[in-house]
Amino acid sequence: MFDSVRDDLRATLDEIRAAGLHKPERVIDTPQSATVNVTAGGRPGEVLNFCANNYLGLADHPEVIAAAHEALDRWGYGMASVRFICGTQEVHKELEARLSAFLGQEDTILYSSCFDANGGVFETLLGPEDAVISDALNHASIIDGIRLSKARRFRYANRDMADLERQLKEAAEGGARRTLIVTDGVFSMDGYVAPLDEICDLADRHGAMVMVDDSHAVGFVGPGGRGTPELYGVMDRVDIITGTLGKALGGASGGYVAARAEIVALLRQRSRPYLFSNTLAPVIAAASLKVLDLLESADDLRVRLAGNTALFRRRMTEEGFDILPGDHAIAPVMIGDAARAGRMAELLLERGVYVIGFSYPVVPQDRARIRVQLSAAHSTEDVNRAVDAFVAARAELDA
C-alpha cells in the first residue's frame, strides 16, 4: 500500500522544491549564540547568527546554564507524567507565580510550548454560541487553536481598527454570548506591534475580552520588558496573555497562559494540551526562574538590544535597503522576488552572516524578505559586519 503513497509524497516534495519553498535545516555544532558554526556546503564555519529568536542572548548565558545544572541535580531530568497525576513540582508552581507577578496577571499555567498554549485556550473557553475575532496575520498556532473551537470565527485586516470594529458589531448582531479578540503582540514576519490601547478601547466599548500572544515581546518590549501590554499601559485590561519560554526568556522550550484566575482554573480542568501532555521539564522551569531574576535586576540586556536594533536599522536605511518601519528587533529587509531573496541569503552565508529568506506562502506573493533578528549578544562590530555583508551581497547580485 505504501508504494503508491510514497510516489504521491515524493511528487509533493518535488513540487515544494520546484516552487523554491523547500526549507533546508542547517546543522550547527555549537551552542546557540551570537556566532555559531554552521554546516554549509559540507563544511562547518563560524558565522554571525542573525536569524535566531535569542533576543537577549540568554540561550548560553553562564548564570542560566548554572541554574540548569543545579536544577538537574535537584529536580531530575523529567517528570514522566502530566500535571494532575504526579507531574507537578514546587519549581513549576514557583515559575507560574513569578510569571503571574511579572506579567501583572492573576494566575499562570505552563504548557510544553506556546503552540500548545494557543491550542488549548479557544476550545476550552468558547462554544458555538461565542465569537472569536482574530487579526489576519496572527501566528499559525492561533489559527489552529481557533479551528479546534466551535466558536463563530471572524477576521480583521492586520492592525485595522475600523475593520475590527465592524467585526465586533457583526458578532454582536449574531447574538454572540462571549466575544474574544485575539492578536499577536508583535507580528513575527514584519516586526509590527499591535495597537493594544486601541484594541482594549474597542473591547471595552463592545463588551469583548482581549487575548495577546506576546511571544516576540516578553522580556524586552516595554519599560520593564513585560511586553506589549506594558508598552501601551494596558496590563490591567488584557484578559489573556500567551507566550513562550523559547525566545527571549532563555530560548529553550515551553509556553504559558497568564490570565484572570478563573480562566486559568478552567484551563487546568479542561485544556487538552495541558491535561494530556507531559509536564515542562523541571530544568527548564528552574532556568526560566533565573532568567526572570536577570530581567528584574537590571535592564542592560534590553538597552544593548535596543542599541543594536537602532544601529542596524539606521545603517541599512542609509545604505538604501528597504526596511519595514519600526524599532523592534525583528528587522525585515524587503527584497520582493523570492529567488533573489534566497540567493541573497546564500551570498550572506558565504560572507559569514547567517540569515533566512522568507517567501510565499509564509509571506505574501512578491513580498519576499530576509528577516534579520538582532540580539543583545551581538557587538557593535557584529552589526556593522552584517550591514557590510548585505552591501557586498547586493553588489554581487546586481553585477
Side-chain angles (χ1 to χ4, degrees), residues 84 100 103-111 114-185 194-215 228-229 232 234-243 255-276:
F84 80 95
S100 299
L103 298 172
Q105 289 290 339
E106 295 175 357
D107 201 358
T108 296
I109 177 173
L110 297 173
Y111 286 81
C114 188
F115 206 108
D116 274 348
N118 285 334
V121 169
F122 304 99
E123 182 183 26
T124 303
L125 296 180
L126 305 175
E129 65 273 38
D130 302 317
V132 58
I133 307 177
S134 177
D135 189 290
L137 295 188
N138 277 342
H139 191 266
S141 58
I142 292 176
I143 296 169
D144 286 359
I146 290 172
R147 287 172 177 163
L148 292 172
S149 77
K150 294 182 172 61
R152 292 185 63 202
R153 304 162 195 175
F154 300 84
R155 186 174 71 168
Y156 64 98
N158 181 234
R159 302 177 301 138
D160 186 331
M161 295 300 97
D163 194 20
L164 173 56
E165 185 155 35
R166 283 191 288 272
Q167 308 306 319
L168 284 163
K169 290 177 179 177
E170 185 174 344
E173 290 167 358
R177 177 190 61 164
R178 300 173 186 160
T179 300
L180 175 64
I181 303 168
V182 57
T183 181
D184 282 2
L196 286 188
D197 51 349
E198 299 178 53
I199 290 173
C200 287
D201 288 344
L202 286 174
D204 290 344
R205 195 177 309 153
H206 294 275
M209 298 183 293
V210 175
M211 171 179 164
V212 180
D213 178 340
D214 226 19
S215 292
T228 53
Y232 284 103
V234 294
M235 292 179 68
D236 59 337
R237 299 171 66 191
V238 173
D239 301 289
I240 303 170
I241 299 171
T242 64
Y256 56 84
V257 176
R260 312 294 186 184
E262 294 81 3
I263 291 173
V264 172
L266 187 60
L267 291 174
R268 292 192 193 279
Q269 300 303 312
R270 292 186 176 174
S271 179
R272 292 168 68 85
Y274 177 80
L275 291 171
F276 296 100

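Note that this is a predicted model, so its numbers are computed, not measured.
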Do you know which two heavy atoms are closest between [X] and [Y], and how far apart they sit?
X      : Y      : value
Arg159 : Asp135 : N-OD2, 2.9 Å
Asp160 : Tyr156 : O-CD1, 3.8 Å
Leu125 : Arg177 : O-NH2, 4.4 Å
Ile263 : Asp239 : CD1-O, 4.2 Å
Ala208 : Leu168 : CB-CD2, 3.9 Å
Ser271 : Thr124 : CA-OG1, 3.4 Å

Glu106 and Glu262: CA distance, side-chain angles, deciding distance, side-chain contact (heavy atoms from CB on, under 4.5 Å) verdict: CA-CA 9 Å; Glu106 295 175 357; Glu262 294 81 3; 4.1 Å; yes
Atom [atom1] of [X] and atom [atom2] of [Y]: how far apart are they, to the nearest 0.5 Å?
X      : Y      : atom1 : atom2 : value
Asp214 : Thr228 : CG    : OG1   : 3.5 Å
Thr179 : Glu170 : OG1   : CD    : 11.0 Å
Ile199 : Thr183 : CD1   : OG1   : 4.5 Å
Thr242 : Ile109 : OG1   : CD1   : 12.5 Å
Asp213 : Phe115 : CG    : CZ    : 10.5 Å
His139 : Asp144 : NE2   : CG    : 9.5 Å

Judged by atom type as modelled, is there a donor-acceptor pair below 3.5 Å linking the side chain of [X] to the main-chain atoms of [Y]?
X      : Y      : result
Ser100 : Thr108 : yes
Glu129 : Gly175 : no
Asn138 : Asp184 : yes
Asp130 : Arg178 : yes
Asp116 : Tyr111 : no

Would Asn118 and Met211 count as a side-chain contact (heavy atoms from CB on, under 4.5 Å) if you check the C-alpha gap in whole Å, the side-chain angles of each, and the deciding distance to 0.1 Å? CA-CA 10 Å; Asn118 285 334; Met211 171 179 164; 3.4 Å; yes
Can you tell which of Arg237, His206, Glu165, Met161 makes a side-chain contact (heavy atoms from CB on, under 4.5 Å) with Asp201? Arg237
Can Leu103 and Tyr256 be said to form a side-chain contact (heavy atoms from CB on, under 4.5 Å), step by step? CA-CA 11 Å; Leu103 298 172; Tyr256 56 84; 3.5 Å; yes
Answer yes or no: does atom CZ of Arg155 have more than 12 heavy-atom neighbours from other residues, nucleotides or ligands under 6.0 Å? no
Contact check, side chains of Val182 and Phe122, non-hydrogen atoms, under 4.5 Å: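 Yes - at least one pair of side-chain heavy atoms lies under 4.5 Å apart.
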